[in-house]
Number of protein chains: 2
Amino acid sequence: MLSKKTKYGIKALTFLAGQVDNEPVQIAEIAKHENISQKFLESILLSMRRTGFLSSKKGKGGGYYLIKRPSEIQMTEVIRVLEGPIAMIPCVSLNFYEKCDDCPDENKCSVHKLMISVRDSALQVYRNTTLDDLIS
Amino acid sequence: MLSKKTKYGIKALTFLAGQVDNEPVQIAEIAKHENISQKFLESILLSMRRTGFLSSKKGKGGGYYLIKRPSEIQMTEVIRVLEGPIAMIPCVSLNFYEKCDDCPDENKCSVHKLMISVRDSALQVYRNTTLDDLIS
DNA sequence: CTATTACCCTATAGATTTAATAGAGTAAAC
DNA sequence: GTTTACTCTATTAAATCTATAGGGTAATAG
């Protein structure tokens with residue numbers, strides 16, 4: 001299940017990508033336009049600012065704006081920041097690997113085998129999709 | 001994230017598929033061999049019995065056994081029974097569709113667009129994988 | 001300089017889901 | 001008719017997700 005955090009985050013990015021001249025947009029405006037709890041959105045935008053997708057400007061006329069071109073923002077990065085691992089199980093995660101404590105040998109594990117295929121197919125989608133692809 | 005329920009369920013199915021002559025196996029034996037809480041496994045096996053993957057035999061010498069050939073058990077079915085929707089968001093689910101209450105038009109929604117691609121790629125994997133593929 | 005605007009940060013609480021446990025009940029086999 | 005092993009309901013503990021509250025701080029305009 002995709003978390004609301006990720007859902008809202010992608011919607012906010014899309015909204016920012018659609019601005020003319022990449023003008024800063026206030027949190028309140030994004031929240032209203034996308035039907036998102038403003039306070040919740042605040043924390044989401046903040047975490048994306050920290051990872052370098054966007055930046056913010058304080059004071060009057062301030063707000064959030066993208067610091068990369070939409071075509072340069074890959075979904076792999078977005079998902080990993082907002083949702084966490086792309087893999088459905090830690091033992092097949094490339095960036096968040098963890099051993100299963102109930103599994104003596106993961107090379108013989110049927111779940112492991114299946115989840116590698118699922119992870120690879122998801123990765124292929126996320127790698128080939130940029131923010132730009134989601135606008136048009 | 002894949003739930004333990006699904007993980008355990010697939011492991012149990014794999015274990016049963018590996019039995020000679022498809023002899024019934026007791027819950028306790030599966031639980032021990034796969035490091036699963038016995039009571040939890042009970043409920044998992046029960047739900048899979050109800051959907052027709054396996055059957056059970058009571059009394060002495062009883063247990064669970066497959067009623068389909070491993071090559072006839074598709075992962076799409078297994079995942080849907082144990083995990084629920086394959087889609088990561090209800091508005092792109094084929095079998096569990098639900099409208100997003102925050103989204104005025106899902107055809108214009110960037111998340112919707114992305115999640116359709118992800119769903120399709122996952123479906124392709126699950127449709128092309130049977131229990132038999134996970135054994136060898 | 002100062003008032004306003006709008007981002008920044010921490011803490012917390014309610015709701016939901018997941019995972020596991022307990023215990024009594026029932027059907028089949030020998 | 002006793003044993004074995006599946007069946008079913010209820011409950012609980014833990015974790016996670018979503019949202020809210022509220023004070024703090026930096027930048028800008030005039």
Side-chain angles (χ1 to χ4, degrees), chain A residues 1-12 16 23-32 34-51 53-67 81-85 88-90 96 98 100-102 111, chain B residues 1-12 16 23-32 34-51 53-67 81-85 88-90 96 98 100-102 111:
Chain A
M1 189 67 182
L2 195 77
S3 68
K4 301 246 178 180
K5 182 179 176 185
T6 304
K7 184 183 178 189
Y8 294 162
I10 293 174
K11 282 190 166 195
L16 290 178
E23 285 287 314
V25 185
Q26 296 168 28
I27 294 176
E29 190 183 337
I30 306 175
K32 194 179 170 189
E34 300 293 340
N35 288 307
I36 305 172
S37 148
Q38 180 167 338
K39 280 291 190 178
F40 192 25
L41 181 59
E42 263 187 48
S43 70
I44 296 168
L45 290 172
L46 206 50
S47 69
M48 290 200 287
R49 193 184 63 87
R50 290 200 189 98
T51 61
F53 295 139
L54 35 79
S55 188
S56 62
K57 205 175 154 186
K58 294 186 181 182
K60 198 170 187 176
Y64 277 94
Y65 56 95
L66 296 178
I67 53 174
V81 166
L82 295 171
E83 190 76 8
M88 291 184 75
I89 199 167
F96 302 83
E98 229 171 284
C100 296
D101 43 337
D102 61 300
V111 179
Chain B
M1 188 68 182
L2 195 76
S3 68
K4 300 246 176 179
K5 183 180 176 184
T6 305
K7 185 183 178 190
Y8 293 162
I10 294 174
K11 282 189 165 195
L16 289 177
E23 286 286 316
V25 185
Q26 296 169 29
I27 295 177
E29 190 184 337
I30 307 175
K32 194 178 170 190
E34 300 293 340
N35 288 308
I36 305 172
S37 147
Q38 179 167 339
K39 280 292 189 177
F40 191 26
L41 181 59
E42 264 187 47
S43 69
I44 297 168
L45 290 172
L46 205 51
S47 69
M48 290 201 287
R49 193 185 64 90
R50 290 200 188 97
T51 61
F53 296 140
L54 35 80
S55 187
S56 62
K57 207 175 155 186
K58 294 187 179 181
K60 197 170 187 178
Y64 278 93
Y65 56 94
L66 295 179
I67 54 175
V81 167
L82 296 172
E83 189 77 6
M88 290 185 74
I89 200 167
F96 302 83
E98 229 171 285
C100 296
D101 44 334
D102 61 299
V111 180

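The chains referred to below are lettered A, B, ... by the order of the sequence lines, with proteins before strands, and numbering in each begins at 1.
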- request: Between B:E83 and B:K57, just flag the one whose closest nucleotide in DNA chain C comes earlier from the 5' side.
  value: B:E83
- request: Please figure out whether A:K58 or A:K39 has its closest DNA chain D nucleotide nearer the 5' end.
  value: A:K39
task: Using a 4.0 Å heavy-atom cut-off across all strands, classify B:I27 as base, sugar-phosphate, or nothing.
output: sugar-phosphate
query: On DNA chain C, nearest-nucleotide positions of A:G63 versus B:E42: which is more 5'?
result: A:G63
query: Between B:E29 and B:K32, is the closest basic N to carboxylate O distance under 4.0 Å?
result: no
- request: Would you kindly compare B:G61 and A:L2 by the position of their nearest DNA chain D nucleotide and give the one closer to the 5′ end?
  value: B:G61
message: Taking 4.0 Å as the cut-off, does a side-chain nitrogen or oxygen of B:Y8 come that near to OP1 or OP2 on C:dA20?
response: yes
- line: Out of C:dG23, D:dC8, D:dT18, minimum distance to the side chain of A:K4 belongs to D:dT18
- request: For A:L16 and C:dC7, give me the distance from atom CG to atom P, rounded to whole Å.
  value: 11 Å
statement: note: A:D101, atom CG; C:dA19, atom P; distance rounded to Å ~ 13 Å
task: Compare side-chain N and O positions of A:R50 against OP1 and OP2 of C:dC9 and report whether any pair is under 4.0 Å apart.
output: yes
task: Please name the pair of heavy atoms, one in A:I10 and one in A:L82, separated by the smallest distance, quoted to 0.1 Å.
output: N-CD1, 4.2 Å
- prompt: What nucleotide among D:dT18, C:dA6, D:dC8 has an atom nearest to a side-chain atom of A:Q26?
  reply: C:dA6
query: To the nearest angstrom, how far is B:E29 atom CD from D:dT4 atom C1'?
result: 15 Å
message: Is there a side-chain contact (heavy atoms from CB on, under 4.5 Å) between B:Y65 and B:S55? Walk through the geometry before answering.
response: CA-CA 6 Å; B:Y65 56 94; B:S55 187; 3.6 Å; yes
Protein-nucleotide distance (A:I36, atom CD1; D:dT20, atom P), rounded to Å: 12 Å
query: The side chain of B:S37 lies closest to which of these nucleotides: C:dA20, D:dC6, D:dC8?
result: C:dA20
- prompt: side-chain contact (heavy atoms from CB on, under 4.5 Å) between A:F40 and A:K5: does it pass, once the steps are laid out?
  reply: CA-CA 8 Å; A:F40 192 25; A:K5 182 179 176 185; 4.2 Å; yes
- prompt: For A:S56 and C:dC8, is the shortest distance between a side-chain N/O and OP1 or OP2 below 4.0 Å?
  reply: yes
- line: Whole-Å distance, B:Q38 CD to D:dC6 P, equals 8 Å
- request: Round to a whole Å and report the spacing from NZ of A:K60 to P of D:dT28.
  value: 13 Å
field: A:K4 and B:D102 ion-paired at < 4.0 Å
entry: no
- request: Measure from CG on A:L46 to P on C:dA6 and round the result to the nearest Å.
  value: 17 Å
- prompt: What integer distance in Å separates A:L41:CG from C:dA6:P?
  reply: 15 Å
query: Going through the distances and angles, do A:C100 and B:K7 end up as a side-chain contact (heavy atoms from CB on, under 4.5 Å)?
result: CA-CA 11 Å; A:C100 296; B:K7 185 183 178 190; 3.4 Å; yes
statement: Per atom distances to the B:F40 side chain, the nearest of D:dT7, C:dC7, C:dA20 is C:dA20
A:Y64 side chain near C:dA6 phosphate (N/O to OP1/OP2, under 4.0 Å): no
